[in-house]
A.B. asks: 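What follows is a structure written as structure tokens; I'll ask about it next.
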Amino acid sequence: MNTSPATAPIDVPVLIVGGGPVGLTTSLFLSRAGIRSLLVEKHSDTATLPKARSINARTMEMYRQLGLEADIRAEGMEQRFRGMILWAESLSGAEIKRLAYLSSAESLRISPTPTCGCAQDLLEPILRRHAEAAAPGCLRFGVRMQDLRYGAEGASGLLVDSGSGEATPFRSRYVVAADGSQSSIRRQLGVSMVGERDVYDSVNMHFRADLTRWVDNRPAALYFIEQPELRGTFLTINGSTRWSFLVQSISHYGYKPEDFTHEFCKQLIRKAIGESDVDIEILGVGAWTASAIVADRYRDGPVFLVGDAAHEMPPTGGLGLNTGVQDAQNLAWKLAAVIRGEAGDTLLDSYDAERRVLGEFTTRVSLLNALSMGRTARQSSAVLARDGYLKERGVVFGFRYNSSALVAEADTQAPVVEDPVTQYVASATPGCRAPHAWLQQGGQKVSTIDLFGRGFVLLAGPRGQGWKAAAAAQVRPAVRGYVIGADVVDADGSWQELYGVGPCGAVLVRPDGIVAWRTPDAVADPAAALSAVLALTLGQGVVEATGQMADAAT
Ligand SMILES: Cc1cc2nc3c(=O)[nH]c(=O)nc-3n(C[C@H](O)[C@H](O)[C@H](O)COP(=O)(O)OP(=O)(O)OC[C@H]3O[C@@H](n4cnc5c(N)ncnc54)[C@H](O)[C@@H]3O)c2cc1C
């Protein structure tokens with residue numbers, strides 16, 4: 001490594017370590033918020049293995065807000081493959097069971113954009129292209145971060161070119177550790193991972209073969225193959241020529257990762273297809289171990305863990321990448337607010353308070369999904385997934401944050417559901433995702449979700465002009481105000497009930513689409529009320545407020 005002491009350090013507000021989906025999305029969110037960041041990725045390019053494919057509706061909402069939805073859908077698999085998953089004795093053999101996904105119609109009642117099946121090796125180049133366009137010169141592939149030091153004032157370390165070995169020092173106020181499940185930053189922080197390790201060992205074989213004649217009559221996103229001496233899964237990539245085949249619990253069959261030569265992989269894939277005469281080209285083989293573990297803290301001073309660095313979960317349920325992207329969204333607006341001087345440091349503590357509980361929940365759900373299918377190290381004769389599998393609406397949409405970054409209501413409760421995994425009841429109680437409702441704006445059909453994602457938004461009832469004026473008067477942070485019925489039209493008349501406010505009430509939505517505060521009725525001084533709730537949400541201490549506000553904040 002050549003370190004030139006004369007080299008001036010790179011100085012950047014936020015260093016993002018890792019150019020996987022979560023690091024790339026963090027870069028996009030920070031750029032959207034007007035914050036300069038530098039992303040370093042030790043590999044020279046994005047992922048070569050497909051890995052994740054299920055980009056859930058909540059994540060698609062975020063990519064819709066970032067303007068990437070059309071590009072991602074264009075690379076995604078045909079919709080007919082998204083309708084179900086099935087279990088069979090072989091790809092060409094008898095079917096054991098099929099399970100349908102949430103229908104598009106049902107999904108569109110909850111969100112303006114349904115889940116998309118787009119393989120990670122196709123998604124990442126899209127994210128990279130958009131991130132580079134939004135921050136030219138601020139993404140460096142083939143550069144490793146090392147020798148991290150950090151303290152109250154920020155972080156420093158070295159950025160080492162993977163090819164030449166040339167090292168450049170850096171200084172940053174914050175570091176986002178998006179460095180994946182083997183995170184060296186996490187190790188350095190001394191953060192422990194809590195949960196169940198080594199749930200199963202697995203090999204992922206990425207291959208090219210024309211499987212059309214076995215899948216065309218029963219298109220599915222996943223084909224679970226159940227044979228006494230081989231339990232594996234075909235992952236649909238494009239539904240015709242590009243696939244992955246996953247063998248779970250390889251040690252159960254006495255295999256080691258090094259046994260998976262290209263020839264051996266082809267044999268296994270042919271056995272799972274149930275046909276010996278199939279042309280197969282192996283494109284890549286990756287061994288990995290599924291664990292269900294979550295970091296015991298997501299923040300250490302100026303360093304934040306996001307994505308797989310913060311939580312590792314079995315892919316059963318397709319929640320890993322999605323949870324990570326949503327971490328990035330939660331953290332980015334908070335970093336931006338603090339860097340701009342609009343928020344106090346305690347806002348950054350709310351990242352751990354909000355995201356770690358959810359990380360633990362999604363990890364537990366993913367583990368239960370995996371265990372129910374009996375393909376883990378604790379092998380069992382179970383075949384079919386548990387009931388909640390593929391119906392995780394509650395996990396995706398229904399989680400409610402409880403932190404200092406919102407103003408809780410003393411007298412109302414979010415809807416209580418019997419099963420928080422599968423059930424979602426839309427609610428605008430503070431801490432919930434602001435629900436989707438269709439509106440008309442300038443003759444165009446838009447979702448409430450389309451109004452969010454660029455700073456704070458205040459939605460006011462039809463007689464809420466005072467709130468609109470209060471939003472316009474608010475400078476740091478800026479708040480965009482909309483009066484329903486004037487600026488946007490409540491197309492199907494559902495907004496008011498869904499958001500639980502009267503004609504003079506208002507709802508404040510955070511930049512990540514989470515309800516920060518709401519008032520069902522008018523208040524005496526809307527401008528004072530709004531600045532008071534913003535101060536509370538942003539951790540700037542309690543600002544003198546109306547009586548109603550003081551009550552709401554306790
Ligand atoms: C078979 C399989 C199927 C899956 N299916 C799904 C699914 O359907 N849906 C879903 O949501 N999730 C799924 N997942 C999980 C998903 O792949 C991961 O959650 C996701 O890749 C995590 O993204 P990340 O950006 O946090 O980490 P990673 O993708 O691991 O990226 C971390 C990056 O950091 C880089 N890095 C590490 N250290 C340094 C350093 N010091 N300096 C610079 N760069 C560094 C690494 O090179 C790497 O590129 C699946 C996983 C597998 C294995």
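We number each residue from 1, following the sequence as shown.
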A.B. asks: With a 4.0 Å cut-off, would you call Asp345 and Arg299 a salt bridge?
C.D. replies: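 Yes, charged N to carboxylate O under 4.0 Å.
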A.B. asks: Is the Phe304 ring parallel, tilted or perpendicular to the Tyr351 ring (thresholds 30°, 60°)?
C.D. replies: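 Geometry flag for Tyr351 against Phe304: perpendicular rings.
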A.B. asks: Classify the angle between the aromatic ring planes of His436 and Trp438 as parallel (below 30°), tilted (30 to 60°) or perpendicular (above 60°).
C.D. replies: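 If you compare the ring of His436 with that of Trp438, the planes turn out perpendicular.
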A.B. asks: Quick one: sort the Trp333 and Phe456 rings into parallel, tilted or perpendicular, breaks at 30° and 60°.
C.D. replies: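 Rings of Trp333 and Phe456: perpendicular, over 60°.
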A.B. asks: Between the side chains of Arg355 and Thr323, is a donor N or O closer than 3.5 angstrom to an acceptor N or O?
C.D. replies: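 Side chains of Arg355 and Thr323: no pair found under 3.5 Å.
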A.B. asks: Do the side chains of Arg197 and Glu312 get close enough for a salt bridge, i.e. N-O under 4.0 angstrom?
C.D. replies: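 Looking at Glu312 together with Arg197, the answer is no, because their closest N to O distance does not fall below 4.0 Å.
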A.B. asks: Under a plain distance cut-off of 3.5 Å, with no hydrogens placed, do Asn369 and Glu392 share a side-chain donor-acceptor pair?
C.D. replies: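 Yes, because at least one side-chain N or O of Glu392 sits under 3.5 Å from a partner of the opposite role on Asn369.
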A.B. asks: Inspect the contact between Arg171 and Asp11 and indicate whether a charged nitrogen and a carboxylate oxygen are less than 4.0 angstrom apart.
C.D. replies: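 Salt bridge present between Asp11 and Arg171.
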A.B. asks: Between Thr25 and Gln329, is there a side-chain donor-acceptor contact under 3.5 Å, judged purely by atom types and distance?
C.D. replies: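 No, because no side-chain N or O of Gln329 sits under 3.5 Å from a partner of the opposite role on Thr25.
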A.B. asks: Does a donor on one side chain and an acceptor on the other come within less than 3.5 Å for Gln474 and Ser531?
C.D. replies: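 There is no such pair (donor and acceptor under 3.5 Å, judged by atom type) between the side chains of Gln474 and Ser531.
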A.B. asks: With a 6.0 Å cut-off (strictly less than), is the heavy-atom count around CZ of Arg454, excluding the residue itself, greater than 12?
C.D. replies: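 Result for CZ/Arg454: open.
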A.B. asks: Between Glu354 and Arg510, does at least one N-O distance fall below 4.0 Å, as a salt bridge requires?
C.D. replies: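 Judged by the 4.0 Å cut-off on N to carboxylate O distance, Glu354 and Arg510 do form a salt bridge.
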A.B. asks: In this structure, are over 12 heavy atoms from other groups packed under 6.0 Å from Arg129 atom CZ?
C.D. replies: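 Atom CZ in Arg129 is packed in, count exceeds 12.
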A.B. asks: Going by distance alone, is a donor N or O of one side chain under 3.5 Å from an acceptor N or O of the other, for Asp300 and Tyr150?
C.D. replies: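 Yes, a side-chain donor-acceptor pair sits under 3.5 Å.
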A.B. asks: Give a yes or no on whether a salt bridge exists between Asp487 and Lys468, defined as a side-chain N under 4.0 angstrom from a carboxylate O.
C.D. replies: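 Salt bridge: yes.
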A.B. asks: Taking only Lys NZ, Arg NE, NH1 and NH2, and the carboxylate oxygens of Asp or Glu, determine whether Arg128 and Glu124 approach each other closer than 4.0 Å.
C.D. replies: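 Salt bridge flag = no for Glu124 with Arg128.
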A.B. asks: Determine, for Arg433 against Glu61, whether the closest basic-nitrogen to carboxylate-oxygen distance falls under 4.0 angstrom.
C.D. replies: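 Looking at Glu61 together with Arg433, the answer is yes, because their closest N to O distance falls below 4.0 Å.
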A.B. asks: Does a donor on one side chain sit under 3.5 Å from an acceptor on the other, for Tyr499 and Ser427?
C.D. replies: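 Short answer, no.
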